[in-house]
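Because only heavy atoms are used, hydrogens play no part in the values below, and waters and symmetry mates are left out as well, while side chains stay in.
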Amino acid sequence: LSEYSQEVFKSRKFEYIPDLKAPVISTGQGVSGGTGLFKDQAACAFRAFARHRLNARALLLPDIGLSAMERGSLLHDVMQLFWQKTGSQTKLLEMTNEGEEALIDVSVNAAISSYRKRRPQPFTDRFIALEKQRLKAVLQEWLKVEKKRGDFRVLACELKHNFEFADIDVRTRIDRIDEIEDGRQVIIDYKT
């Protein structure tokens, strides 16, 4: 550093300004975002602060039909309905192709009907036909994987679970919990 730069550096003074304006998370207070809070904190402390304490959110981009998040939620509903009726790999394997197709249809139709009540505008006849086709195809592919697994029974679908971590109440939802032959439990997180 030049002599001038060194003199400036030596004369430095720190000024501390306490920022007391951000909302404080009180002990036992619930925090939105579930496990995303920890993911955001690990990736970027400011992002976690902005999302989970200031509740800052990006504006949603307009989308024709359903957003990717809504399509994922719709698939979660289909999976939940299917597994609540099936309950185990044994029952899945015992189904005839016709029985499996019928249960897939019932699950898809019920989920779409529920969504249509909440968001009627995008659910035109053509959109419903396309969405049914997509949901059936995804579920059929998923069931191919499920049939190859070891024996399991479904303990819970879309289970809400709260836990406390460092005085922060965290709310999560577990997509599915299976119990396998040896009594251990498997947590399944659907990704679309």
Side-chain angles (χ1 to χ4, degrees), residues 25 27-45 47-53 55 57-58 66-95 99-115 118-119 131-132 134-192:
I25 299 173
T27 301
Q29 178 183 344
V31 177
S32 66
T35 57
L37 167 68
F38 301 108
K39 180 180 175 184
D40 289 339
Q41 183 66 33
C44 173
R47 177 175 33 191
F49 176 78
R51 285 185 182 167
H52 302 282
R53 291 198 41 208
N55 293 313
R57 300 284 185 266
L66 300 176
S67 68
M69 183 179 289
E70 289 171 316
R71 288 193 319 270
S73 294
L74 184 56
L75 181 60
H76 274 242
D77 290 354
V78 170
M79 296 288 230
Q80 179 180 8
L81 291 165
F82 183 88
W83 285 110
Q84 284 175 334
K85 288 186 171 79
T86 307
S88 69
Q89 185 195 46
T90 301
K91 288 184 181 175
L92 174 64
L93 294 173
E94 288 173 352
M95 278 186 211
E100 183 180 308
E101 282 297 317
L103 185 54
I104 289 172
D105 284 341
V106 165
S107 302
V108 166
N109 289 334
I112 286 177
S113 176
S114 174
Y115 255 76
R118 289 180 273 172
R119 293 271 324 270
E131 198 57 26
K132 282 182 179 181
R134 179 188 77 86
L135 292 167
K136 287 179 184 181
V138 172
L139 185 52
Q140 288 166 339
E141 286 300 310
W142 182 262
L143 294 179
K144 288 178 187 176
V145 173
E146 297 285 22
K147 290 175 181 178
K148 293 177 185 174
R149 293 180 51 205
D151 190 36
F152 65 88
R153 72 183 180 97
V154 177
L155 297 178
C157 292
E158 301 297 326
L159 177 71
K160 292 180 181 175
H161 179 73
N162 296 343
F163 66 93
E164 192 173 296
F165 181 82
D167 292 331
I168 298 173
D169 184 31
V170 181
R171 297 178 194 113
T172 63
R173 186 183 328 214
I174 301 170
D175 294 345
R176 198 170 99 207
I177 301 174
D178 290 352
E179 183 178 65
I180 56 178
E181 289 178 283
D182 63 7
R184 290 183 296 158
Q185 295 181 357
V186 177
I187 295 177
I188 297 175
D189 186 30
Y190 303 130
K191 293 296 178 203
T192 57

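The CG atom of Leu159 sits 10.0 Å away from atom CD of Gln80, with the distance rounded to the nearest 0.5 Å. Separating the CZ atom in Arg71 from the OH atom in Tyr115 is a distance of 11.5 Å, to the nearest 0.5 Å. Note: Thr172 OG1 to Asn162 CG = 7.0 Å, rounded to the nearest 0.5 Å. To the nearest 0.5 Å, atoms CD (Glu158) and CD1 (Ile174) are separated by 10.0 Å. With values rounded to the nearest 0.5 angstrom, Arg153 atom CZ is found 8.5 Å from Gln185 atom CD. Atom CG of residue Leu155 and atom OG of residue Ser88 lie 11.0 Å apart, to the nearest 0.5 angstrom.
For Ala43 against Arg47, the heavy-atom pair with the smallest separation is CB-NH2, 2.7 Å. Closest heavy-atom contact between Gln41 and Ala48: OE1-CB, 3.3 Å. Across all their heavy atoms, Gln89 and Asp151 have their closest contact at OE1-CA, 3.1 Å. Minimum interatomic distance between Glu70 and Leu66 (heavy atoms only, all atoms of both residues): OE1-CA, 3.4 Å. Between Trp83 and Leu92, the shortest heavy-atom distance links the atoms CH2-CD2, 3.8 Å. Contact record, Asp77 with Ala111: CB-CB, 4.0 Å, taken as the closest heavy-atom pair.
Between the Arg57 side chain and the Arg51 main chain, a donor and an acceptor come within less than 3.5 Å of each other. Distance alone, capped at 3.5 Å, places no donor-acceptor pair between the Ser114 side chain and the Ala110 backbone.
Remark: the Gln140 side chain and the Glu100 side chain contain no N/O donor-acceptor pair separated by less than 3.5 Å.
Counting heavy-atom neighbours within 6.0 Å of Arg118 CZ, excluding the residue itself, gives a total above 12. Around CZ of Arg149, the count of heavy atoms belonging to other residues, nucleotides or ligands within 6.0 Å exceeds 12. In the displayed structure, Met69 atom CE is contacted under 6.0 Å by at most 12 heavy atoms of other residues, nucleotides or ligands. For NZ of Lys85, the number of neighbouring non-hydrogen atoms (other residues, nucleotides, ligands) closer than 6.0 Å is greater than 12.
Side chains of Ser113 and Asn109 form no contact here, defined as non-hydrogen atoms less than 4.5 Å apart. You'll find the side chain of Ile188 reaches within 4.5 Å of the side chain of Asp178, heavy atoms only.
The pair Lys136-Asp105 meets the salt-bridge criterion, since a charged nitrogen lies less than 4.0 angstrom from a carboxylate oxygen. Under the 4.0 Å criterion applied to side-chain N and carboxylate O atoms, Lys91 and Glu94 are not assigned as salt-bridge partners.
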After noting the C-alpha distance and the side-chain angles of Met79 and Asp175, does the key distance pass the side-chain contact (heavy atoms from CB on, under 4.5 Å) rule? CA-CA 9 Å; Met79 296 288 230; Asp175 294 345; over 6 Å; no

Give the intermediate values and the outcome of side-chain contact (heavy atoms from CB on, under 4.5 Å) for residues Leu135 and Leu74. CA-CA 8 Å; Leu135 292 167; Leu74 184 56; 3.8 Å; yes

Check step by step if side-chain contact (heavy atoms from CB on, under 4.5 Å) holds for Leu139 and Phe82. CA-CA 9 Å; Leu139 185 52; Phe82 183 88; 4.0 Å; yes

Dump the intermediate steps for side-chain contact (heavy atoms from CB on, under 4.5 Å) on Ile104 and Leu143, then the final yes or no. CA-CA 10 Å; Ile104 289 172; Leu143 294 179; 3.9 Å; yes

